[in-house]
Number of protein chains: 2
Amino acid sequence: MTKASDRAYDTIRAMILSGELSAGDALGEEALAERCGVSRTPIRDALRRLESDLLIRRTGTQRSFVSDWSLGDVGDAFELRAMLEGYAARRAAEAMTEDVLTQLRACNAAIGAAISGKKPDITTFLDRNREFHALVLDTAGSRRLTNLLTALIEQPVVWRTAHHYSHEAFQRSHSEHNDLLSAFERRDGAWAETVMAGHIRRAFHAYCDAHKGMTEGERGVA
Amino acid sequence: MTKASDRAYDTIRAMILSGELSAGDALGEEALAERCGVSRTPIRDALRRLESDLLIRRTGTQRSFVSDWSLGDVGDAFELRAMLEGYAARRAAEAMTEDVLTQLRACNAAIGAAISGKKPDITTFLDRNREFHALVLDTAGSRRLTNLLTALIEQPVVWRTAHHYSHEAFQRSHSEHNDLLSAFERRDGAWAETVMAGHIRRAFHAYCDAHKGMTEGERGVA
DNA sequence: CTTTCGCAAATTGTATACAATAAAGCCTTC
DNA sequence: GAAGGCTTTATTGTATACAATTTGCGAAAG
């Protein structure tokens, strides 16, 4: 979107995720405006976006507070993602074309290369992983579905988790993508759906494992 | 929310649904401001809401247009609703309390009364139906899920459909709610899920039937 | 006739001032 | 000492002015 509005959104989001603002803190528009170096107008836009991300919560009189997230809430998000992204995989399998297959294969090959070394290239992994899932979502061809899922995938807490993945976790993710490709090649929607759902669920448990020993600060939102 | 912002939202929404604005039409902020009798500021808020409702679409440079909805898109929305609201019913069944059960029974009794006469009280039916589904959603106890589903349930096109329901369609809906109550009483999550999914799917076909012979104008969004 | 460059008009983004409203503190009263 | 209402203060809602950007038209060159 626009410059100031984006800066405000990113700044506030970073403040929430870094723990600079903790759960329950009040977010006054004027204070945020001063903090971000912009006026209240773009702040209001940013707050709308953060609200739809569920990173902030608003009272009946539109006062804003930082949301508090329990592990159960994160689990909810993953479960919904598993369901919706599984459905997306099913639809994608049924609408799969050779062209998209080629792109998906290239994508996963890049993922394989990024994690093959001793020190995995996490940025490339995340980018290509995102691209892979976006391709599937596009192929599913439902604007509604895309709309719902982006809100779930944009969960910023989740992306940081990859930095704590083990070598095996990366390999498993890569291998599951290959399974998905097999399902897509056969146009087997049911298979694709179950593989994708399992893929997301495994990611949730990887998240749980990675956060078991983490401190409050590292974990981001409490 | 606030007065002017709400008025703007309702006015624009009504213009889209009534066909006064047709699919693809450009929505200039200034023109809308004049039309709604408010300034551009609340219009911008309203456009955000309409965008998240998918009633309008925005280009990369934030220009707004009325969304065009095909029957397939509406079908998508119903399918997603069936999946998510089915999941909500499952969770609700597992977390069901006697208190909520009592409220649900009262709700469905009111629905039964509203449609028992020769001339059904459609407003009461819609209100109580909405209340019934909202209770289930609350009992499911997932903010994420509530967030996702409200966007789908708020589909305004759907509500008008009830005005074309047959007597049998109302009775079936009422009866399916009773089935749901049975599933809830037994805390049978799987049963509740399948009943709810079927309930929504039936509603979709009722929608299709009702719109078969309708003119473009009556149908609202194309 | 087509294409491209540039200017003008329209549209959205941002800032600021002011109005309306809700939260909070204080005083009064029982 | 507690409770209720009033005043004060803080916060959000709205309007308007201005800046930045985009779009579309038109003229000139190939």
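Just so it is clear: chains get the letters A, B, ... in the order the sequence lines come, proteins before strands, and each one is counted from 1.
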Visitor: Test of understanding: with side chain to side chain donor-acceptor pair (under 3.5 Å), list the residues that count as partners of B:Glu131, not counting sequence neighbours.
Guide: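 In terms of side chain to side chain donor-acceptor pair (under 3.5 Å), with neighbours along the sequence ignored, B:Glu131 is linked to B:Arg128.
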
Visitor: Could you tell me the separation between the SG atom of B:Cys36 and the CD atom of B:Glu29, rounded to the nearest 0.5 Å?
Guide: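 CD of B:Glu29 is found 12.0 Å from SG of B:Cys36.
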
Visitor: For B:Arg44 and C:dG13, is the shortest distance between a side-chain N/O and OP1 or OP2 below 4.0 Å?
Guide: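 Indeed, a polar side-chain atom of B:Arg44 lies that close.
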
Visitor: Quick one: B:Ile56 CD1 to C:dT12 P, roughly how many Å, whole number?
Guide: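 My rounded result for the distance is 10 Å.
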
Visitor: When the distance from CD of B:Gln62 to C1' of C:dT14 is rounded to whole Å, what number comes out?
Guide: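 Those two atoms, CD and C1', are 14 Å apart.
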
Visitor: Please enumerate all protein N or O atoms sitting under 3.5 Å from an N or O of nucleotides 19-24 of chain C, with distances to 0.1 Å.
Guide:
| residue | atom | partner | partner atom | Å |
| --- | --- | --- | --- | --- |
| C:dA23 | OP1 | A:Thr61 | OG1 | 3.2 |

Visitor: Round to a whole Å and report the spacing from CD1 of A:Ile43 to C1' of D:dT12.
Guide: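 Spelled out: CD1 on A:Ile43 to C1' on D:dT12 is 14 Å.
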
Visitor: Could you give the CG-to-P distance, from B:Leu32 to C:dT11, as a whole number of Å?
Guide: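 Value for this atom pair: 11 Å.
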
Visitor: Using every non-hydrogen atom in the two residues, find where B:Met196 and B:Ala89 come nearest and quote the distance to one decimal.
Guide: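 Taking B:Met196 first and B:Ala89 second, the nearest heavy atoms are CB-CB, 3.7 Å.
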
Visitor: For the residue pair A:Leu54 and A:Asp73, establish whether any side-chain heavy-atom pair is separated by less than 4.5 Å.
Guide: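 Side chain of A:Leu54 against side chain of A:Asp73, heavy atoms only: no contact under 4.5 Å found.
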
Visitor: Give the residues of residues 24-31 of chain B touching DNA chain C, defined as any heavy atom closer than 4.0 Å, sorted by residue number.
Guide: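 By residue number: B:Leu27, B:Gly28, B:Glu29.
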
Visitor: Among all residues two or more places apart in sequence or in another chain, which pass the salt bridge (charged side-chain N to carboxylate O under 4.0 Å, His left out) test with A:Glu20?
Guide: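 With sequence neighbours excluded, A:Glu20 shows a salt bridge (charged side-chain N to carboxylate O under 4.0 Å, His left out) to A:Arg35, given in chain and number order.
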
Visitor: Through what angle, rounded to 10 degrees, does the axis of the helix from C:dC1-D:dG30 to C:dC30-D:dG1 turn between its ends, using five pairs per end?
Guide: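 Comparing the first five pairs with the last five, the axes sit 20° apart.
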
Visitor: If you define the side chain from C-beta out and look only at heavy atoms, does anything of A:Glu94 sit under 4.5 Å from A:Arg187?
Guide: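 No; the side chains remain at least 4.5 Å from each other.
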
Visitor: Mind listing the N/O atom pairs, protein and nucleotides 15-17 of chain D, below 3.5 Å?
Guide:
| residue | atom | partner | partner atom | Å |
| --- | --- | --- | --- | --- |
| D:dA15 | OP2 | B:Ser39 | N | 2.7 |
| D:dA15 | OP2 | B:Ser39 | OG | 3.0 |
| D:dA15 | N7 | B:Thr41 | OG1 | 2.9 |

Visitor: Taking only residues two or more places apart in sequence, or in another chain, which ones meet B:His174 in a ring pair (Phe, Tyr, Trp, His ring centres under 6.0 Å)?
Guide: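 Expected list: none.
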
Visitor: Atom CZ of B:Phe65 to atom P of C:dT11: distance rounded to whole Å?
Guide: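 Distance, rounded to whole Å: 11 Å.
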
Visitor: List for me each residue that meets side chain to side chain donor-acceptor pair (under 3.5 Å) alongside B:Asp121, sequence neighbours excluded, and say none if there are none.
Guide: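 Counting only residues at least two positions away or on another chain, B:Asp121 forms a side chain to side chain donor-acceptor pair (under 3.5 Å) with B:Thr124.
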
Visitor: Rounded to whole angstroms, how far apart are CG on B:Asp6 and P on D:dT14?
Guide: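 That distance rounds to 8 Å.
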
Visitor: To the nearest angstrom, how far is B:Leu47 atom CG from C:dG13 atom C1'?
Guide: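 Those two atoms, CG and C1', are 14 Å apart.
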
Visitor: Only counting residues at least two apart or in another chain, list the ones meeting ring pair (Phe, Tyr, Trp, His ring centres under 6.0 Å) with A:Phe170.
Guide: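 Per chain and number, A:Phe170 pairs via ring pair (Phe, Tyr, Trp, His ring centres under 6.0 Å) with A:Phe125, A:Tyr165.
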
Visitor: Taking side chain to side chain donor-acceptor pair (under 3.5 Å) as the definition, give me every residue that meets it alongside A:Asn147, ordered by chain and number, with sequence neighbours left out.
Guide: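 Listed in chain order: nothing, the list is empty.
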
Visitor: Return the set of residues passing side chain to side chain donor-acceptor pair (under 3.5 Å) with A:Arg201 (not counting sequence neighbours), or none when no residue passes.
Guide: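 Side chain to side chain donor-acceptor pair (under 3.5 Å) check on A:Arg201 returns A:Glu79.
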
Visitor: What is the distance from atom CD1 of B:Ile16 to atom OG of B:Ser22, rounded to the nearest 0.5 Å?
Guide: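 One gets 10.5 Å once the value is rounded to the nearest 0.5 Å.
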
Visitor: Could you tell me which residues satisfy salt bridge (charged side-chain N to carboxylate O under 4.0 Å, His left out) with B:Arg91, sequence neighbours excluded, listed by chain and number?
Guide: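 Checked B:Arg91 against salt bridge (charged side-chain N to carboxylate O under 4.0 Å, His left out); matches are A:Asp76.
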
